[in-house]
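Accompanying notes for the structure given below.
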Protein chains: 2
Amino acid sequence: MARNVEFDEQLAVSKAMDVFWRKGYNGTTMRDLTEAMGINSSSLYNTIGDKHELFIRSIKHYTETRMKEALKQLEPIKSPIKAIEKFIQSSVYVITNEPNSCMAIKTTFEVATTDEQVQKIIKADNEFTYNLLNGLVEKAMQKGEITVSQDAAMLTDYIINHFSGWHEFFIIHKDKTRIKNMATFLIKQINQ
Amino acid sequence: MARNVEFDEQLAVSKAMDVFWRKGYNGTTMRDLTEAMGINSSSLYNTIGDKHELFIRSIKHYTETRMKEALKQLEPIKSPIKAIEKFIQSSVYVITNEPNSCMAIKTTFEVATTDEQVQKIIKADNEFTYNLLNGLVEKAMQKGEITVSQDAAMLTDYIINHFSGWHEFFIIHKDKTRIKNMATFLIKQINQ
DNA sequence: CAAATTCTGAAACAAATGTTTTAGATATTT
DNA sequence: AAATATCTAAAACATTTGTTTCAGAATTTG
């Protein structure tokens, strides 16, 4: 009966994501987006929808990609405490090597305060990280690898909580060493 | 020779700051601002300048006010370790009772990545906090009130670093208890 | 009080914004 | 290959954006 959509929707969303990631929601114009995506606005409105819908898809894409990566990276590690350390260290690596900082945190502070739909997605992402890390913390406590605290929930919050500060710090100071020193101290605290 | 400016510039900037604080730089329009400030755009351009200049004044106002408050609050406290604890606790109080989160952090993630002028102001604010807390940490170490680490610089970074995570956490979860638990743990770690 | 100066308000400005329209190109089905 | 359906591109759309203009009101000084 008819033609098919010509552009690869996943690829297009990924390109839109790059722009939103760099410029934020309000700092991005529809022309920025269509230019980066290589499509016309009529195609965009016919397939994905308006700017807001495209943004929703973009953060979803961001968080989903990140979740998959985290799972893949931690899966092969047997020791829970080693996995926790790996998780912290690779967070430091990403934070200190990503020029555009973290799209989820940027979004939290820019629009999650007022946009419920966005907030839900961000919350789900945070809960995924929480559950992933909490599983490891609980196991590490059972094995006696962690003794600083017996409150796994709190320690999970405590560990995750460092990341946005490091992102903020890196934007302001662009100093990897001081972040690495904090991470080393954190790991030492947990290992004690 | 002539008339004086009719509006109170400090008050006007303070009202503009409220809008920027809530809506961010890109989310705020000139009409939002002139409406909140109760002045005409011609008056605004004749006195303060354009939107960007008004934003600069707004964050400056924000950070300066905050610095004064911090000094006032910590001055009467004699014991360095008690002052550090007070600093952490009152941060928790502000974080969990401020519906608009922190303007400095929001600004860092929204525009400090690309706006050098803004970044300078934010950096100066962070360095002020750093110096304030670092003085206390050094004294507490000399007195033997802190023993977890002898690296005052690193521990200062480490303590300050918690705050943006708590802000992020409060936006997403609106849960005071879990933040208070993290703060209690942090204080316990320092006191050890 | 008169003159001089500068501030204010409303309107106007061009440019940019998010979105829609429309005519024609393109692919699928029969 | 013809008919049909739906996609695409360019342009147009109404609003909204940040900023400026200008006539008149207001205040200070002589």
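Order of the sequence lines fixes the chain letters, A, B, ..., with proteins taken first and strands second; residue numbering starts at 1 for each chain.
- Taking atom CD of residue A/Glu35 and atom P of nucleotide C/dT17, one finds them 12 Å apart after rounding to whole Å.
- Atoms CG (B/Leu33) and C1' (D/dT16) sit 15 Å apart, rounded to a whole Å.
- Note on A/Ser42: every side-chain N or O is 4.0 Å or more away from OP1 and OP2 of D/dA9.
- Using a 4.0 Å cut-off between a side-chain N of Lys or Arg and a carboxylate O of Asp or Glu, B/Glu53 and B/Arg57 qualify as a salt bridge.
- Remark: C1' of C/dG9 and CD1 of B/Ile39 are 12 Å apart, rounded to the nearest angstrom.
- The distance between atom CZ of B/Arg31 and atom P of C/dA10, rounded to the nearest whole Å, is 13 Å.
- Straight-line distance from the CG atom of A/Asn40 to the C1' atom of C/dA23: 13 Å, rounded to whole Å.
- Map B/Gly38 and A/Thr29 each onto its nearest nucleotide of DNA chain C; the residue landing nearer the 5' end is B/Gly38.
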Under 3.5 Å, which donor-acceptor pairs do the side chains of residues 93-100 of chain B form with other protein atoms, sequence neighbours left out?
{"from": "B/Thr96", "atom 1": "OG1", "to": "B/Val92", "atom 2": "O", "distance (Å)": "2.8"}
{"from": "B/Thr96", "atom 1": "OG1", "to": "B/Tyr93", "atom 2": "O", "distance (Å)": "3.4"}
{"from": "B/Asn97", "atom 1": "OD1", "to": "B/Lys176", "atom 2": "NZ", "distance (Å)": "3.1"}
{"from": "B/Asn97", "atom 1": "ND2", "to": "B/Tyr93", "atom 2": "O", "distance (Å)": "2.8"}
{"from": "B/Glu98", "atom 1": "OE2", "to": "B/Asn100", "atom 2": "N", "distance (Å)": "3.1"}

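- For D/dT19, the OP1/OP2 oxygens have no side-chain nitrogen or oxygen of B/Ser41 closer than 4.0 Å.
- Here A/Thr28 lies in heavy-atom contact (under 4.0 Å) with sugar-phosphate atoms only.
- Under the salt bridge (Lys or Arg N to Asp or Glu O under 4.0 Å) criterion, A/Glu138 pairs with no residue at all, not counting sequence neighbours.
- Within 6.0 Å of atom CD in A/Glu116, 12 or fewer heavy atoms from other residues, nucleotides or ligands are found, so the atom counts as exposed in its surroundings.
- The separation between B/Met30 atom CE and C/dA14 atom C1' is 16 Å, rounded to whole Å.
- Atom NZ of B/Lys174 has more than 12 neighbouring heavy atoms from other residues, nucleotides or ligands inside a 6.0 Å radius.
- Base contact: B/Asn46 has a heavy atom under 4.0 Å from a base atom.
- Contact check, A/Tyr45 against C/dT20: no side-chain N or O comes under 4.0 Å of OP1 or OP2.
- The nearest whole Å value for the distance from the CD atom in A/Glu53 to the C1' atom in C/dT19 is 15 Å.
- D/dT16 atom P lies 15 Å from atom NZ of A/Lys51, rounded to whole Å.
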